[in-house]
Q: 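I am attaching a structure below and will ask some questions about it afterwards.
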Protein chains: 2
Amino acid sequence: MDRRTERKIGIKDVSKEAGVALSTVSHVLNGTAPISAEVRIKVLEAARRLGYLAKRQQKGAIASLSTIYLAVPPGNLPHNDINLVSWTLLTALSRECERRGIKIVAHNGSPELNAAEILAGAKAVNAEGIILVYDDNPKLLRPLAASNYAIVLLNGEDPTMSVDTVAPANRYAARLATQWLLSRGHRRILHLTWRGRSTIMRRLDGFHDAYMEQNLPLDLGRTIYADGYEPDHARKALRAFIARHGGLDGHTAVFCAADNLAIGALSELQAQGFQIPGDIAVVGFDGVAPGDLTVPSLTTVRVPLDSLAVATLKALEQRLSISGQDHPTQRIELGCRLIERDSAASNFLR
Amino acid sequence: MDRRTERKIGIKDVSKEAGVALSTVSHVLNGTAPISAEVRIKVLEAARRLGYLAKRQQKGAIASLSTIYLAVPPGNLPHNDINLVSWTLLTALSRECERRGIKIVAHNGSPELNAAEILAGAKAVNAEGIILVYDDNPKLLRPLAASNYAIVLLNGEDPTMSVDTVAPANRYAARLATQWLLSRGHRRILHLTWRGRSTIMRRLDGFHDAYMEQNLPLDLGRTIYADGYEPDHARKALRAFIARHGGLDGHTAVFCAADNLAIGALSELQAQGFQIPGDIAVVGFDGVAPGDLTVPSLTTVRVPLDSLAVATLKALEQRLSISGQDHPTQRIELGCRLIERDSAASNFLR
DNA sequence: CTGAAAGCGCTTACAG
DNA sequence: CTGAAAGCGCTTACAG
């Protein structure tokens with residue numbers, strides 16, 4: 001990440017790169033003298049190219065964090081290797097903290113997260129901030145928000161907006177994937193999901209949005225609820241659906257609310273003799289499963305886990321630097337990208 | 001805002017405030033030496049109290065912006081004094097730009113916004129960034145996103161996530177207002193809205209969320225669509241509703257998707273002899289109408305317009321400082337607060 | 001807008 | 001962790 005050669009980029013390097021005087025660079029960056037637009041732009045572009053602007057932005061923030069307290073509902077902890085998403089997200093977070101020399105201490109308490117315990121734990125390790133992952137329990141969030149810790153909810157939903165939140169743009173990303181399928185001629189699409197955290201329901205919203213945007217009747221898209229988000233839950237749910245309808249009931253694609261479900265869907269559909277993507281296309285969501293190793297490889301929505309980790313730390317630092325006033329809480333959603341692979345071919349057209 | 005006396009807060013002031021050595025402060029802020037947790041915290045709190053952390057964060061960013069190009073759909077321009085929300089938002093934006101010495105140039109083009117025109121206009125004034133207000137037209141956003149201007153969509157929705165967006169947390173705020181009514185015993189609530197931009201539909205989502213969260217049947221809450229967002233549209237829609245049902249049909253509250261509608265609702269309901277809030281409570285959304293001047297004064301959801309303006313500039317600067325790589329786009333939503341006044345009394349309990 | 005120079009604020013190395 | 005001191009990077013004032 002840090003190339004040795006560009007260790008210390010300074011205003012001097014920028015002036016050379018832009019071919020202007022050192023003082024000019026300073027004036028551009030501070031607005032302390034009237035500078036022509038052409039020169040201004042030349043300087044700013046050089047500063048951006050060399051990463052000087054980014055460095056300067058970072059420098060402001062890098063101050064305040066030394067220890068973060070991390071609270072994750074036990075079911076989502078990495079040692080439970082079923083949930084690869086959690087694992088990858090937490091790894092990204094650890095890596096980013098390490099890179100910046102921030103210590104991160106994981107909460108280890110009752111099976112059910114509990115605000116008093118979390119606050120006590122954070123205090124015991126002298127944390128400046130708390131990252132709460134996945135949870136969206138208002139009973140938990142309210143007392144945490146009332147404390148004077150900087151708190152960020154990661155990958156969750158806080159409808160009360162009592163704490164800052166960082167999450168993928170679930171609704172828009174699901175809409176994107178569904179739109180992609182619709183644009184390739186699919187009309188009857190199954191959405192395979194489960195009744196879990198509310199963030200997963202935002203993916204269902206997006207599924208519907210795509211139909212509405214095309215003025216297609218919503219009931220062309222059918223939603224199937226699995227009993228959970230493991231591959232076996234997907235298999236069971238699909239098996240039941242197929243048995244009930246004596247087939248796929250005219251559906252040509254399955255959009256799964258998680259890669260785990262998509263993996264189960266792939267195996268169940270293939271076990272039942274369906275060709276993928278010939279008979280039915282499969283699209284996942286998450287982008288952390290080894291989707292390029294499945295057969296066929298999995299088309300999926302990639303959640304930018306690294307960026308989520310970075311944004312979480314930034315939100316925490318921002319909150320820490322705010323004195324007294326009542327800045328409104330913010331929710332930051334990051335855009336996701338569709339990874340096109342073989343389980344949903346791009347040349348399907350009915 | 002800037003008290004003369006605290007013009008230049010430096011590390012020296014922080015060291016005095018915290019009662020530690022100057023070098024210690026530096027080490028804490030840079031992590032360049034092992035410092036005990038107690039001292040660290042003492043220093044950081046002093047730094048925050050004096051606004052030093054905030055100053056430092058700002059300093060990193062203040063660099064890159066000198067001219068912003070502002071594109072607003074003509075119907076929302078301030079000279080159309082019907083829309084007080086636009087006016088207040090754009091004023092907040094101008095004020096913040098002025099405070100920071102940023103020049104802001106308003107686009108003035110065809111009645112329908114058009115990407116090529118906007119880009120040409122931005123280039124003509126040597127802008128570094130473009131703020132697009134209110135619009136959510138993908139045909140417009142796509143080509144803008146493809147340009148290499150830093151772009152922020154303010155108060156809009158971009159489901160394609162092609163540009164960074166700053167907006168109020170419409171869905172959660174509407175949920176909050178509805179929850180507040182439900183918690184005061186209201187069960188049958190009218191949601192008065194109009195078919196406009198999609199952000200307004202998010203307020204409808206939030207209206208429904210509040211019912212779902214309480215496990216109340218959704219059809220207790222009924223939605224009325226006015227023909228637009230002006231007070232007269234609200235009057236007409238309510239008049240039709242009351243005529244059709246021979247009254248309020250058991251509803252005890254009207255939650256309006258905009259203050260403008262709420263003002264119309266107040267006047268129509270009173271004209272028809274209903275007591276507010278005795279017979280029916282009225283809640284608005286926006287918080288910019290002179291809601292404390294209506295009779296009765298208007299309970300409403302206040303959108304943090306100043307913070308939206310600040311966040312927009314920050315997002316623009318952040319995007320400007322990013323070199324090459326593909327950082328995902330971000331959507332920032334800010335939390336809103338309920339302003340309790342007389343049009344929905346807090347002691348209504350059935 | 002340049003370039004040399006003074007100055008300022010923060011960083012850093014070190015003895016205590 | 002302190003305190004005095006050297007050093008560094010950026011800012012600022014100014015003549016050209």
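Note that the structure is a prediction, hence the values are computed from the model and not measured. Residue numbers begin at 1 in each chain, while the letters A, B, ... track the order of the sequences.
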Q: So, the side chain of B/Arg331 versus the backbone of B/Met161: is there a donor-acceptor pair under 3.5 Å, distance only?
A: no

Q: For B/Tyr69, enumerate each residue passing the ring-ring contact (aromatic ring centres under 6.0 Å, His included) test, keeping only those at least two apart in sequence or located in another chain.
A: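 ring-ring contact (aromatic ring centres under 6.0 Å, His included) check on B/Tyr69 returns B/His107.
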
Q: For a side-chain hydrogen bond (donor to acceptor under 3.5 Å, both in side chains) with A/Asp164, tell me which candidate from A/Arg319, A/Gln330, A/Gln318 qualifies.
A: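 Option passing the side-chain hydrogen bond (donor to acceptor under 3.5 Å, both in side chains) with A/Asp164: A/Arg319.
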
Q: If a stem is a run of at least 3 consecutive Watson-Crick or G-U pairs, both distances under 3.5 Å, which stems include DNA chain D?
A: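 Runs of three or more consecutive pairs: C:1-3 with D:14-16, C:5-12 with D:5-12, C:14-16 with D:1-3.
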
Q: Determine, stepwise, if the pair A/Leu334 / A/Val303 fulfils side chain to side chain contact (heavy atoms under 4.5 Å, CB included).
A: CA-CA 8 Å; A/Leu334 300 186; A/Val303 170; over 6 Å; no

Q: Base, backbone or nothing for each nucleotide of nucleotides 2-16 of chain C, written B, S, -, heavy atoms under 4.0 angstrom, 5' to 3'?
A: BB------SBBB---

Q: Measure from the side-chain N and O atoms of B/Glu117 to the backbone N and O of B/Ser110, and report whether any donor-acceptor pair falls under 3.5 Å.
A: yes

Q: For B/Glu333 and B/Ala167, indicate whether the former's side chain and the latter's backbone hold a donor-acceptor pair under 3.5 Å.
A: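 Pair absent, no side-chain N/O of B/Glu333 close to backbone of B/Ala167.
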
Q: Under a 3.5 Å distance rule, please check whether A/Glu17 uses its side chain to pair with a backbone N or O of A/Ala47 as donor and acceptor.
A: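 Not a single qualifying donor-acceptor pair exists.
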
